[in-house]
Amino acid sequence: MMQKILVVEDEVKVANAVKKGLEENGFEVDVAYDGRMGKSLGASNNYDLVILDLNLPHSNGYEVCEVIRRRNNRIPIIMLTALGGMDDKMQAFEIGADDYLVKPFDFRELLARIRVFLKRAGSEVQQNSQYKIVIADLEIDREKKEVIRGGKKIPLTAKEYQLLEFLALHKGKVISKLVIAEKVWDIDFDTGTNVIEVYMNFLRKKIDKDFPNKLLHTKTGMGYYLAEE
């Protein structure tokens, strides 16, 4: 799958040059030309890495970084900016930046840094995938049997956890009531019971109610699925 990068840069020539260079090297690239667009894209899409300027219209790079970090605390963020002062760098690192490259820059160095971070992130995902499931701002720790959303721990009963974990392991796939009954409850599905609907409602109240973007979905007449939409 092609890796996706968000570039937040208000200098059109710089943004387009970076976009072109990255696409020539096999990446999919979205560009935001101001901070407001950067926050919107960063909060609503899954990216493998973010390249972020500091001096931006509407919202500066620090604010954009904070928004992205609240949603995903693992995504690599590279600051690409003309501000080379130590105070600027320290503030960027304090709010969650992983690297800091000062303009003017050599694209080959930027590309090298991107590849290092993506390789490292890929290794961490491979190592942790059997233990943790991450979907948007939802984290499921399969060892501790703990669920966190938006940094907040969500208390679940044993059966609620089993149902959520099963849906998460099949992210984006519509799962029928028949399959859920068999795999989660270990029973043959009885059309006279609404236990699955009841537990889905329990989960929605705990997982989705207090958050703007919903992760639990119903496909009418077909089943349920867990995904970011």
Side-chain angles (χ1 to χ4, degrees), residues 1-129 132 134-139 150-151 213 228:
M1 183 179 295
M2 188 178 293
Q3 291 172 304
K4 192 170 184 178
I5 294 176
L6 172 63
V7 177
V8 188
E9 169 63 66
D10 65 320
E11 294 182 56
V12 177
K13 288 185 178 179
V14 174
N16 291 345
V18 171
K19 175 180 170 67
K20 180 181 179 182
L22 292 174
E23 288 177 340
E24 289 174 348
N25 281 274
F27 296 103
E28 182 180 350
V29 183
D30 284 345
V31 176
Y33 296 101
D34 61 56
R36 184 165 52 206
M37 185 186 299
K39 288 195 291 187
S40 177
L41 289 175
S44 58
N45 294 279
N46 290 321
Y47 293 101
D48 296 289
L49 184 140
V50 176
I51 299 170
L52 179 58
D53 191 10
L54 285 178
N55 282 330
L56 295 165
H58 305 305
S59 289
N60 64 43
Y62 299 120
E63 295 168 342
V64 177
C65 184
E66 288 176 331
V67 168
I68 294 172
R69 270 286 168 261
R70 283 199 296 269
R71 183 176 187 274
N72 186 332
N73 61 7
R74 293 182 177 85
I75 183 173
I77 298 177
I78 300 176
M79 292 294 190
L80 183 62
T81 175
L83 300 177
M86 183 54 66
D87 289 343
D88 298 311
K89 293 181 180 179
M90 293 305 297
Q91 185 176 351
F93 287 126
E94 285 172 3
I95 63 171
D98 296 287
D99 203 355
Y100 199 103
L101 190 58
V102 179
K103 300 174 183 176
F105 64 98
D106 188 317
F107 179 77
R108 292 171 297 179
E109 181 180 1
L110 174 63
L111 183 62
R113 295 188 186 202
I114 289 170
R115 285 174 170 160
V116 167
F117 278 111
L118 290 178
K119 183 177 180 181
R120 185 182 302 166
S123 297
E124 290 175 354
V125 168
Q126 188 174 15
Q127 291 170 6
N128 295 328
S129 60
K132 284 191 177 183
V134 179
I135 300 172
D137 59 350
L138 176 70
E139 297 183 21
N213 56 319
E228 181 182 12

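Small disclaimer: the values here were computed from a predicted structure and weren't measured.
For D106, the salt bridge (charged side-chain N to carboxylate O under 4.0 Å, His left out) partners at least two apart in sequence or on another chain are R108. Remark: N55 engages no residue in a side chain to side chain donor-acceptor pair (under 3.5 Å) (not counting sequence neighbours). The side-chain contact (heavy atoms from CB on, under 4.5 Å) check on V134 picks up R74, E139, with sequence neighbours excluded. Qualifying side chain to side chain donor-acceptor pair (under 3.5 Å) partners for Y33, counting only residues two or more places apart in sequence or in other chains: N16. Here D34 pairs with nothing under the salt bridge (charged side-chain N to carboxylate O under 4.0 Å, His left out) rule; sequence neighbours left out. By the salt bridge (charged side-chain N to carboxylate O under 4.0 Å, His left out) test, E109 pairs with R113, sequence neighbours left out. Contacts of D10 classified as salt bridge (charged side-chain N to carboxylate O under 4.0 Å, His left out), with partners at least two apart in sequence or in another chain: none. Under the side chain to side chain donor-acceptor pair (under 3.5 Å) criterion, E11 pairs with K103, not counting sequence neighbours. Under the rule for a side chain to side chain donor-acceptor pair (under 3.5 Å), the partners of E23 that lie at least two apart in sequence or sit in another chain are K19.
In this structure, CG in L52 is found 12.5 Å from CG in D99, a value given to the nearest 0.5 Å. With rounding to the nearest 0.5 Å, the separation of CG in L22 from CD1 in I51 is 5.0 Å. To the nearest 0.5 Å, atoms CG (D48) and NZ (K4) are separated by 9.5 Å. Taking CD of Q91 as the reference point, atom OH of Y100 lies at 9.0 Å (rounded to 0.5 Å).
The two residues F105 and L80 come nearest to each other via the heavy atoms CD2-CD1, 3.6 Å.
Counting only residues at least two apart or in different chains, salt bridge (Lys or Arg N to Asp or Glu O under 4.0 Å) contacts with residues 89-98 comprise R69-D98.
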Let me check something: any side-chain donor-acceptor pairs from residues 58-65 under 3.5 Å, sequence neighbours excluded? List them with distances.
| from | atom 1 | to | atom 2 | distance (Å) |
| --- | --- | --- | --- | --- |
| H58 | NE2 | R36 | NH2 | 3.4 |
| S59 | OG | K39 | NZ | 2.9 |
| S59 | OG | E63 | OE1 | 3.4 |
| N60 | OD1 | Y62 | N | 3.0 |
| N60 | OD1 | E63 | N | 2.9 |
| Y62 | OH | D88 | O | 3.4 |
| E63 | OE1 | N60 | N | 3.2 |

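With a 4.5 Å cut-off on side-chain heavy atoms, F27 and L111 count as touching.
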Open item on the list: side chain to side chain contact (heavy atoms under 4.5 Å, CB included), that's the test. Do I68 and I77 meet it? Break it down for me.
Closed with: CA-CA 9 Å; I68 294 172; I77 298 177; 4.0 Å; yes
